[in-house]
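Everything quoted here is computed from the prediction, not taken from an experiment. Counting from 1, the numbers follow the sequence of the chain as shown.
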Amino acid sequence: MSILRTTDAEGRRIPLRQLVLRYALLLLVLALTVGPFLWQLSTSLKGPGEDIFSSPPKFLPSDPTLDNYTRVADTIPVWEYALNSLKVASANVVTNCVGAALAGYALARLRYRGRRAATLAFVLAMLVPVEGIIIAQFTTMRDLGLNNTLLGVLLPGSIGAMNVLLMRNAFLNLPQEVEEAAYVDGANVWQRFLRIALPSVKGTLAVVAIFAFMGAWDDFLWPLIVLSDPENFTLTIGLNYLHGTFANDERLVAAGTIIAVAPLIALFACLQRFFFRGVGEGAVKG
């Protein structure tokens, strides 16, 4: 029986010891990243009569049940909170994809005075911590009359500086000759953007969409500050009631955590092939 020879990118054979070390490190990272989620999933499926603090810990539930998820819905209006989060996250995806694509194309392809200064402004915006401007954001939303509204939750993150720079780098990596040929054929800037440039960076758009959805779905601090009416609470704020009132029931908290994480997993599963392609689209030029 022939032994499979594993080689690196340059065609050189990887020593067995080095190969084992690599896989060991990969398994360690996998355990550290996926392990907590699997433990929460296991806890959410355990019944009230099963000890979740046994020593040694028992990973698989002896009698799996979905009652904890039903109890979460009975304790808080979790589906209404999830709908509010879905509204904000979906709108955030649209505004970031459209706004970041337009701004990124302008920074990468258009020629105008102050383009480098505009790019530098987006870079500097990434260096400002959210906590440093959150009071200014709150007073702005109050002056606009948007406090305690989902629109007030959406506006501050409607276009992210990171997403604009991702789209800029993706557009910079496109061959200039293609657009020059379209320009010679009489295509205006909008036609070149919509018909040539934008279809070529679908992978980066998927990256922006995932980042925008995750940022809006997982955000806790800003919705907590700007929202006061329980009817407008997002899912992250609503699940906080499980930690406060029912802190001793870890099964309930685990079920709420799985409900919050499940849409993110579904989104990434649908867009993963575009995501990994998009990471490389904007990774060459800065």
Side-chain angles (χ1 to χ4, degrees), residues 37 40-41 43-44 66-100 125-126 128-164 208-268:
F37 170 76
Q40 286 289 85
L41 178 61
T43 303
S44 69
L66 297 177
D67 290 343
N68 295 320
Y69 295 91
T70 305
R71 292 172 56 208
V72 171
D74 293 338
T75 304
I76 60 174
V78 64
W79 306 120
E80 295 180 10
Y81 296 157
L83 180 60
N84 291 336
S85 290
L86 183 62
K87 292 178 181 178
V88 175
S90 300
N92 200 47
V93 169
V94 174
T95 56
N96 270 278
C97 287
V98 174
M126 295 173 53
V128 180
V130 177
E131 293 78 8
I133 60 174
I134 201 165
I135 296 179
Q137 287 183 358
F138 178 78
T139 55
T140 302
M141 293 301 108
R142 182 188 61 190
D143 295 340
L144 294 175
L146 296 179
N147 275 1
N148 195 32
T149 64
L150 295 180
L151 183 59
V153 178
L154 168 68
L155 279 182
S158 56
I159 301 179
M162 170 66 79
N163 297 330
V164 172
V208 171
I210 291 176
F211 284 169
F213 190 92
M214 290 178 60
W217 186 271
D218 290 336
D219 192 14
F220 175 77
L221 180 60
W222 175 241
L224 180 65
I225 293 175
V226 76
L227 296 177
S228 57
D229 189 353
E231 293 183 358
N232 294 327
F233 281 177
T234 57
L235 186 59
T236 51
I237 302 177
L239 291 179
N240 193 47
Y241 283 107
L242 299 179
H243 291 274
T245 308
F246 298 91
N248 294 327
D249 196 341
E250 298 293 338
R251 301 171 183 82
L252 209 60
V253 175
T257 303
I258 298 301
I259 293 175
V261 174
L264 300 179
I265 298 176
L267 177 67
F268 185 79

>> Could you work out, with side-chain hydrogen bond (donor to acceptor under 3.5 Å, both in side chains) as the rule, every residue matching N68, not counting sequence neighbours?
In response: R71
> Does F37 reach the side chain of V261, with side-chain heavy atoms less than 4.5 Å apart?
Replying inline: yes
> Can you name the side-chain contact (heavy atoms from CB on, under 4.5 Å) partners of Q40, sequence neighbours left out?
Replying inline: A254, T257, I258
> Hey, which of V98, V164, N92 is the one that makes side chain to side chain contact (heavy atoms under 4.5 Å, CB included) with I159?
Replying inline: V164
> Rounded to the nearest 0.5 Å, what separation is found between the CG atom of L151 and the CG atom of L154?
Replying inline: 6.0 Å
> With side chains defined as the heavy atoms from C-beta onward, is the minimum distance between I134 and W222 less than 4.5 Å?
Replying inline: yes
> Hey, is CD on Q137 packed in by over 12 heavy atoms from elsewhere, all under 6.0 Å?
Replying inline: yes
> Roughly how far, to the nearest 0.5 Å, is OH of Y81 from CD of E231?
Replying inline: 9.0 Å
> side chain to side chain donor-acceptor pair (under 3.5 Å): which pairs involve residues 149-163, sequence neighbours left out?
Replying inline: N96-N163
> Got a second to check how far I237's CD1 is from L221's CG, nearest 0.5 Å?
Replying inline: 9.5 Å
> Measuring from L252:CG to T70:OG1, what's the distance to the nearest 0.5 Å?
Replying inline: 10.5 Å
>> To the closest 0.5 Å, what do you measure between CG (L227) and OG1 (T234)?
In response: 6.5 Å
> Yes or no on side-chain contact (heavy atoms from CB on, under 4.5 Å) for V128 and I133, after CA distance, side-chain angles and deciding distance?
Replying inline: CA-CA 8 Å; V128 180; I133 60 174; 3.7 Å; yes
>> Do F233 and L239 make a side-chain contact, defined as non-hydrogen atoms from C-beta onward lying under 4.5 Å apart?
In response: no
>> Between N148 (side chain only) and D229 (backbone N and O only), is there a donor and an acceptor less than 3.5 Å apart?
In response: yes
>> Any heavy-atom pair between the side chains of T140 and L155 that's under 4.5 Å?
In response: no
> What are the two closest non-hydrogen atoms of A125 and A161, and how far apart are they?
Replying inline: CB-CB, 4.0 Å
>> Could you tell me if the side chain of L86 sits less than 4.5 Å from the side chain of F213, heavy atoms only?
In response: yes
>> Could you check whether any side-chain N or O of W217 sits under 3.5 Å from a backbone N or O of A260, counting only pairs where one atom can act as donor and the other as acceptor?
In response: yes
> If you measure from CH2 on W79 to CG on L235, what distance do you get to the nearest 0.5 Å?
Replying inline: 9.0 Å
>> To check you understand the geometry: which heavy-atom pair defines the closest contact between V153 and V88, and what is its length?
In response: CG1-CG1, 3.9 Å
> Considering all heavy atoms of both residues, which atom of A209 and which atom of V93 are nearest to each other, and what is their separation?
Replying inline: O-CG2, 3.6 Å
